[in-house]
Enquirer: 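Pasting a structure below so you can have a look.
No hydrogens, no waters, no symmetry mates; every other heavy atom, side chains included, goes into these values. The sequence lines fix the lettering, A, B, ..., with proteins before strands; numbering per chain opens at 1.
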Amino acid sequence: MLKIYNTLKRDKQEFTPIVPNQVRMYVCGMTVYDYCHLGHARVMVVFDMVYRWLKSSSYDVTYVRNITDIDDKIIKRAAENGESIHSLTQRFIDAMHEDAERLGVQPPDHEPRATQYVPEMLAMIENLERNGLAYQAADRDVNFAVRKFTGYGKLSGKSLEDLRAGERVEVDGNKHDPLDFVLWKHAKDNEPDEVKWDSRWGKGRPGWHIECSAMSSKLLGEHFDIHGGGADLQFPHHENEIAQSEGANQCQFVNYWMHNGFVRVDNEKMSKSLGNFFTIREVLERYDPEVVRFFILRAHYRSPLNYSDAHLDDAKGALSRLYTALKCEGGMGKGVDWNEPHAQRFKVAMDDDFNTAEAIAVLFDLANEVNRGQSPQLASQLRSLGAVLGLLGRDANAFLQGDSSGDAMIVAKILARNEAKKARNYAEADLIRKELLEAGIVLEDSAQGTNWRRA
RNA sequence: GGCGAGAUAGCAAAAUGGUUAUGCAGCGGAUUGCAAAUCCGCCUAUCCCAGUUCGAUUCUGGGUCUCGCCUCCA
């Protein structure tokens with residue numbers, strides 16, 4: 001029985017889908033005005049893992065991850081670049097897809113873009129206005145009246161009083177309450193036509209939060225199972241989504257809220273505003289994408305994850321151990337035998353709020369068994385369990401030898417060394433091995449011959 | 001200031017009211033021409049102070065420290 005930590009209840013709960021055997025899941029994706037960084041990689045990988053586990057558990061899953069392709073930063077960046085909004089966002093959407101694919105992230109079932117759902121957003125805002133929860137202010141922005149929605153703060157555990165006491169909310173004279181947030185931004189003269197849509201409140205563009213409410217209810221229905229995103233979206237974004245969706249549709253919005261922890265650098269949140277981020281592509285220049293995926297999944301999704309080269313080096317070594325065990329596999333994985341003890345432990349771990357750290361520990365125990373008995377069956381099991389997490393999909397040597405440029409030279413050196421060994425010229429043999437080691441090539445002699453891998 | 005999360009061995013990271021986490025690193029042994037890989041064995045741990053308990057790293061209370069949200073953020 002799957003249990004999920006539900007932010008809404010602050011507790012692990014048994015997962016019961018609204019419709020038996022079906023799961024509808026929405027995850028907040030990226031705002032596309034720049035390359036994705038490692039924090040974005042974590043969201044994509046974590047919810048990809050959730051998606052895979054749900055499917056592996058025989059659920060029929062509909063997974064939606066949106067793309068925010070209209071917002072202040074996008075407008076600003078496009079203006080700076082002297083390029084159109086569409087050209088800018090398309091460029092970074094393409095880059096995001098490239099990054100995601102390299103990290104082994106499966107495409108969601110739907111990837112809606114905000115700009116394609118403006119009519120749905122306007123319809124929702126009309127609903128809110130009809131229900132007395134939205135108003136057009138003097139500056140012609142349409143705002144959500146936070147005070148009119150009972151239950152505001154139930155996700156983030158904040159009360160309106162607490163929030164007001166914060167005094168960090170900038171006072172906007174046009175809002176009835178400083179905490180009211182914008183649903184529809186009135187068009188400014190200096191903005192390009194590309195970001196202006198007609199509406200009964202005048203030309204304008206959507207606020208940030210409304211897109212997720214509109215797109216999720218359009219694609220998944222007004223009431224669905226799982227909504228996820230980074231922990232920083234809990235407030236205000238997800239809180240506001242709840243207010244909008246429940247305010248407009250008059251029914252429960254989401255049953256289970258999931259939030260993943262941050263990627264940190266030197267114990268600090270990795271973020272664009274702090275400037276301490278590494279883009280996915282920067283990291284992938286130096287590390288194998290599977291190492292990065294493994295690094296992310298080795299921690300529990302709700303825990304903080306410190307990024308450093310040392311930690312990625314460590315992950316690389318650990319993943320190499322798993323691939324080394326795979327060398328004795330006969331064919332490729334034949335599917336998981338769920339009755340096998342390791343698979344059962346794996347399942348228990350995954351069903352316990354997606355405890356991938358524990359599940360991966362089981363993989364290492366299994367690798368040890370494989371190595372002890374040189375069992376192709378268990379090796380196949382290891383590969384198949386890895387596949388459930390989107391790991392261990394490659395040929396063992398392909399992973400261990402990595403970039404195969406220079407293969408011919410390596411093979412030639414190994415042949416020369418074997419000749420020297422045959423002639424009992426160990427000084428020469430060791431010299432060749434040392435040379436290769438300095439080039440990052442480690443040799444492994446065995447009864448079957450000499451194998452090599454990259455250090 | 002308000003609200004929330006967390007402190008586990010050299011590093012990383014799970015779990016648990018009593019019994020091996022796991023990976024990397026380290027130490028000893030097997031194997032090897034020597035190595036590497038692998039196997040066997042070992043070493044390091046639960047922030048501090050009270051309380052509950054036969055027994056707490058785990059539960060409760062207090063403290064210290066760290067991180068996050070309260071402003072755009074995955």
Side-chain angles (χ1 to χ4, degrees), chain A residues 7 10 27-31 36-47 65 68 71-73 76 153 156-159 161-170 179 208 228-237 239 259-264 267-274 277 294-295 298-300 302-306 308 310-322 324-325 327-328 345 349 352 355-365 367-368 370-374 400 421 424-427 429-430 433-434 437 441-447 450-453 455:
Chain A
T7 310
R10 299 236 162 60
V27 170
C28 288
M30 264 53 77
T31 301
C36 292
H37 60 62
L38 234 38
H40 302 120
R42 192 174 193 191
V43 189
M44 291 197 283
V45 168
V46 160
F47 287 100
R65 190 187 62 211
T68 300
D71 99 315
D72 290 355
K73 286 179 176 168
K76 184 163 172 265
S156 55
K158 297 177 191 301
S159 69
E161 287 65 37
D162 290 344
L163 288 164
R164 282 180 192 119
E167 302 236 356
R168 291 183 60 187
V169 182
E170 228 170 88
L179 295 168
W208 172 36
D232 44 3
L233 297 184
Q234 196 176 321
F235 188 89
H237 183 57
E239 195 67 65
H259 292 96
N260 65 277
F262 300 128
V263 175
R264 298 184 187 174
N267 239 28
E268 239 184 351
K269 177 186 173 186
M270 178 182 289
S271 74
K272 297 209 173 168
S273 36
L274 286 170
F277 62 89
F294 178 82
F295 167 70
R298 198 155 61 134
H300 185 87
R302 285 189 281 118
S303 300
L305 180 61
N306 252 313
S308 75
H311 295 157
L312 279 188
D313 288 339
D314 187 85
K316 182 186 175 188
L319 187 57
S320 296
R321 178 172 164 77
L322 294 180
T324 301
K327 279 183 178 180
C328 77
R345 282 174 59 205
D352 183 12
N355 192 341
T356 52
E358 177 71 24
I360 285 174
V362 173
L363 258 36
F364 282 100
D365 286 344
N368 182 254
V370 170
N371 288 332
R372 228 181 327 187
Q374 291 298 300
L400 294 167
K421 275 175 69 181
R424 300 197 159 254
N425 185 354
Y426 292 122
D430 289 352
R433 186 171 61 197
K434 198 175 158 221
L437 187 61
I441 307 298
V442 180
L443 298 187
E444 294 171 1
D445 292 335
S446 77
T450 302
N451 212 332
W452 65 275
R453 65 183 166 86

Enquirer: Would you give the length of the straight line joining atom NE2 of A/His237 to atom OG1 of A/Thr68, rounded to the nearest 0.5 angstrom?
Expert: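 Reported value, rounded in 0.5 Å steps: 6.5 Å.
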Enquirer: Using a cut-off of strictly less than 4.0 Å, decide whether A/Ser303 has a side-chain nitrogen or oxygen near OP1 or OP2 of B/A14.
Expert: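 The answer is yes; a side-chain N or O of A/Ser303 sits under 4.0 Å from OP1 or OP2.
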Enquirer: Roughly how many Å is it from CG in A/Leu305 to P in B/G6, rounded to a whole number?
Expert: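 To the nearest whole Å, that distance equals 17 Å.
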Enquirer: How close do A/Leu322 and A/Ala367 get, counting heavy atoms only, and between which atoms?
Expert: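 Minimum heavy-atom separation between A/Leu322 and A/Ala367: CD2-CB, 3.9 Å.
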Enquirer: Restricting both atoms to N or O, compile the protein contacts to nucleotides 26-31 of chain B shorter than 3.5 Å, with distance only.
Expert:
none

Enquirer: Could you measure between the two P atoms, the one in B/U19 and the one in B/G55, and give it in whole Å?
Expert: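 Per the computed distance, 15 Å lies between those P atoms.
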Enquirer: So, A/Asp71 and A/Thr31: side-chain donor and acceptor under 3.5 Å apart, yes or no?
Expert: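 No, because no side-chain N or O of A/Asp71 sits under 3.5 Å from a partner of the opposite role on A/Thr31.
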Enquirer: How far apart are the closest heavy atoms of A/Ala455 and A/Val442, and which atoms are they?
Expert: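 Closest approach of A/Ala455 to A/Val442, heavy atoms only: CB-CG2, 3.9 Å.
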Enquirer: Are A/Lys158 and A/Phe235 in a cation-pi setup, meaning NZ or CZ lies under 6.0 angstrom from the ring centre and within 45 degrees of the ring axis?
Expert: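 Yes.
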Enquirer: Students often get this wrong, so: under 4.0 angstrom with heavy atoms, is A/Ala231 touching a base, only sugar-phosphate, or nothing?
Expert: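 No contact.
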Enquirer: Mind checking the C1' distance from B/C69 to B/G10? Whole angstroms is fine.
Expert: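 Comparing C1' positions in B/C69 and B/G10 gives a spacing of 33 Å.
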Enquirer: Please evaluate the base of B/G33 for a donor-acceptor partner in the side chain of A/Asp430 within a cut-off of under 3.5 Å?
Expert: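 Indeed there is one.
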Enquirer: Pick base, sugar-phosphate or nothing for A/Leu443, based on heavy-atom distances below 4.0 Å to the nucleic acid.
Expert: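 Result for A/Leu443 = base.
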Enquirer: Decide side chain to side chain contact (heavy atoms under 4.5 Å, CB included) for A/Arg321 and A/Asn368; before the verdict, give the C-alpha distance in whole Å, the side-chain angles of both, and the deciding distance to 0.1 Å.
Expert: CA-CA 9 Å; A/Arg321 178 172 164 77; A/Asn368 182 254; 3.8 Å; yes
Enquirer: Have a look at A/His300 and say if it touches a base, only the backbone sugar-phosphate, or nothing, with a 4.0 Å heavy-atom cut-off.
Expert: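 The residue A/His300 makes sugar-phosphate contact but no base contact.
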Enquirer: Is the closest basic N to carboxylate O distance between A/Lys316 and A/Asp313 below 4.0 Å?
Expert: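 Between A/Asp313 and A/Lys316 there is no salt bridge, as every charged N stays at least 4.0 Å from the carboxylate O atoms.
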Enquirer: A/Ser271 near the nucleic acid: base, sugar-phosphate alone, or nothing, with a heavy-atom cut-off under 4.0 Å?
Expert: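 Here A/Ser271 touches the bases of the nucleic acid.
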Enquirer: Where do A/Gly157 and A/Arg10 come nearest, in terms of heavy atoms and distance?
Expert: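 The answer is N-NH2, 3.4 Å.
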Enquirer: In whole angstrom, what separates A/His237's NE2 from B/C70's C1'?
Expert: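 In whole Å, B/C70 C1' lies 17 Å from A/His237 NE2.
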Enquirer: What is the nucleic acid contact for A/Lys327, judged by heavy atoms within less than 4.0 Å: base, sugar-phosphate only, or nothing?
Expert: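 Nothing, no nucleic acid heavy atom in range.
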Enquirer: Indicate, with a heavy-atom threshold strictly under 4.0 Å, whether A/Asn371 touches base, sugar-phosphate, or nothing.
Expert: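 Sugar-phosphate only.
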Enquirer: For residues A/Gln234 and A/Ser156, is any side-chain donor paired with an opposing acceptor at under 3.5 Å?
Expert: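 No donor-acceptor contact under 3.5 Å links the two side chains.
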Enquirer: Do we see a donor-acceptor contact under 3.5 Å between the side chains of A/Ser159 and A/Asp162?
Expert: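 Present: a donor and an acceptor within the cut-off.
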Enquirer: At 4.0 Å (heavy atoms only), tell me whether A/Val27 reaches a base, stays on the sugar-phosphate, or touches nothing.
Expert: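 Nothing: the residue A/Val27, judged by heavy atoms under 4.0 Å, touches no strand.
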Enquirer: Minimum heavy-atom separation for A/Ala299 and A/Arg42, please, with both atom names.
Expert: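 Here A/Ala299 and A/Arg42 meet closest at CB-NH2, 4.4 Å.
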Enquirer: Quick one: the dot-bracket string of RNA chain B, using Watson-Crick and G-U wobble pairs with both distances under 3.5 Å, [ ] for crossing pairs and | for bases paired to another strand.
Expert: (((((((..(((.....[...))).(((((.......)))))....(((((..]....))))))))))))....
Enquirer: Considering only atom C1', compute the distance from B/A50 to B/A56 and round it to an integer number of Å.
Expert: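 Result for the C1' pair: 13 Å, nearest Å.
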Enquirer: Taking OP1 and OP2 of B/C69, is either one under 4.0 Å from a side-chain nitrogen or oxygen of A/Lys269?
Expert: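 Answer yes for this pair, as a side-chain N or O of A/Lys269 is under 4.0 Å from OP1 or OP2.
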Enquirer: Counting C-beta onward and ignoring hydrogens, is there a side-chain heavy-atom pair between A/His259 and A/Arg302 closer than 4.5 Å?
Expert: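 Sidechains of A/Arg302 and A/His259: no contact.
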Enquirer: On RNA chain B, compare the nucleotides closest to A/Asp445 and A/Ser159; which residue's is nearer the 5' end?
Expert: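 First, find each residue's nearest nucleotide; the 5'-ward one identifies A/Ser159.
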Enquirer: When rounded to the nearest Å, what value does the distance between P atoms of B/A13 and B/C70 take?
Expert: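 Their P atoms lie roughly 24 Å apart.
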Enquirer: A/Phe262: what forms a ring pair (Phe, Tyr, Trp, His ring centres under 6.0 Å) with it, not counting sequence neighbours?
Expert: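 Checked A/Phe262 against ring pair (Phe, Tyr, Trp, His ring centres under 6.0 Å); zero matches.
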Enquirer: Rounded to the Å, how far apart are A/Asp71 CG and B/C72 P?
Expert: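 Distance, rounded to whole Å: 11 Å.
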Enquirer: Could you tell me which non-hydrogen atom of A/Phe294 sits nearest to which non-hydrogen atom of A/Ala318, and how far apart they are?
Expert: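 That would be CE2-CB, 3.8 Å.
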Enquirer: Could you work out the separation of B/G17 and B/U58 based on their P atoms and round it to a whole Å?
Expert: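 Between the two P atoms, the distance is 11 Å.
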Enquirer: Kindly give the atom pairs (protein nitrogen or oxygen, nucleotide nitrogen or oxygen) under 3.5 Å for nucleotides 41-47 of chain B.
Expert:
none

Enquirer: Is there a side-chain contact between A/Val43 and A/Met30, using heavy atoms and a 4.5 Å cut-off?
Expert: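 No - every pair of side-chain heavy atoms lies 4.5 Å or more apart.
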Enquirer: Within this structure, what is the CZ-to-C1' distance between A/Phe235 and B/C72, rounded to whole angstrom?
Expert: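 Rounded to whole Å, this separation is 13 Å.
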Enquirer: Looking only at heavy atoms, what is the nearest atom pair of A/Phe295 and A/Asn306, with distance?
Expert: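 Closest heavy-atom pair between A/Phe295 and A/Asn306: CZ-O, 3.3 Å.
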Enquirer: In whole Å, what is the span from the CG atom of A/Asp313 to the P atom of B/G10?
Expert: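 Spelled out: CG on A/Asp313 to P on B/G10 is 21 Å.
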Enquirer: For B/C40 and A/Arg372 - does any side-chain N or O of the residue sit under 4.0 Å from the phosphate oxygens OP1/OP2?
Expert: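 Answer yes for this pair, as a side-chain N or O of A/Arg372 is under 4.0 Å from OP1 or OP2.
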Enquirer: Report the distance from atom CG of A/Asn267 to atom P of B/G6, rounded to the nearest whole Å.
Expert: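 Going from CG in A/Asn267 over to P in B/G6 covers 16 Å.
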Enquirer: Stepwise, does the side chain to side chain contact (heavy atoms under 4.5 Å, CB included) test hold for A/Arg65 with A/Phe47?
Expert: CA-CA 9 Å; A/Arg65 190 187 62 211; A/Phe47 287 100; over 6 Å; no
Enquirer: Heavy atoms under 4.0 Å is the rule here; annotate nucleotides 17-25 of chain B 5' to 3' with B where the base is hit, S where only the sugar-phosphate is, and - elsewhere.
Expert: ----BSBS-
Enquirer: Identify whether the distance between the nearest side-chain nitrogen and carboxylate oxygen of A/Asp314 and A/Arg298 falls below 4.0 Å.
Expert: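 Yes, A/Asp314 and A/Arg298 are salt-bridged.
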Enquirer: Using the C1' atom on both, measure B/A30 against B/A36 and round to a whole Å.
Expert: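 Pairwise C1' distance, B/A30 against B/A36, rounds to 15 Å.
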Enquirer: With sugar-phosphate meaning primed atoms plus P, OP1 and OP2, does A/Gly29 contact a base, only sugar-phosphate, or nothing at under 4.0 Å between heavy atoms?
Expert: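 The residue A/Gly29 makes sugar-phosphate contact but no base contact.
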Enquirer: For A/Met44, which contact category applies under a 4.0 Å heavy-atom criterion: base, sugar-phosphate, or nothing?
Expert: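 No contact.
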Enquirer: A/His40 NE2 to B/C72 P: how many Å, rounded?
Expert: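 Nearest whole value for this atom pair: 15 Å.
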Enquirer: Return yes when atom CZ of A/Arg424 has more than 12 non-hydrogen atoms of other residues, nucleotides or ligands closer than 6.0 Å, and no otherwise.
Expert: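 12 or below, so no.
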Enquirer: Would you kindly check whether a donor in the side chain of A/Arg433 faces an acceptor in the base of B/A35, or vice versa, at under 3.5 angstrom?
Expert: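 Pair found.
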Enquirer: Could you state the atom-to-atom distance from OH of A/Tyr426 to P of B/C34 in whole Å?
Expert: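 Spelled out: OH on A/Tyr426 to P on B/C34 is 9 Å.
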Enquirer: B/U32 and B/U22: how far apart are their C1' atoms, nearest whole angstrom?
Expert: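 My reading of the C1' atoms in B/U32 and B/U22 gives 28 Å.
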Enquirer: For A/Arg453 and B/A37, is the shortest distance between a side-chain N/O and OP1 or OP2 below 4.0 Å?
Expert: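 Result: yes.
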Enquirer: Counting any heavy atom closer than 4.0 Å, what does A/Gly39 reach on the DNA or RNA strands: base, sugar-phosphate only, or nothing?
Expert: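 Base, at least one base heavy atom under 4.0 Å.
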Enquirer: For the pair A/Arg433 and A/Glu444, find out whether any cationic side-chain nitrogen is under 4.0 Å from an anionic carboxylate oxygen.
Expert: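 Salt bridge absent between A/Arg433 and A/Glu444.
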Enquirer: Write down the protein N/O and nucleotide N/O pairs, taken from nucleotides 3-5 of chain B, whose separation is under 3.5 Å; answer none if there are no such pairs.
Expert:
residue, atom, partner, partner atom, Å
B/C3, O2', A/Gly157, O, 3.4

Enquirer: Between B/C39 and B/A7, how many Å separate the two C1' atoms, rounded to a whole number?
Expert: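 Comparing C1' positions in B/C39 and B/A7 gives a spacing of 36 Å.
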Enquirer: Do any side-chain nitrogens or oxygens of A/Asn355 fall under 4.0 Å of OP1 or OP2 in B/A15?
Expert: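 Answer is yes, contact under 4.0 Å.
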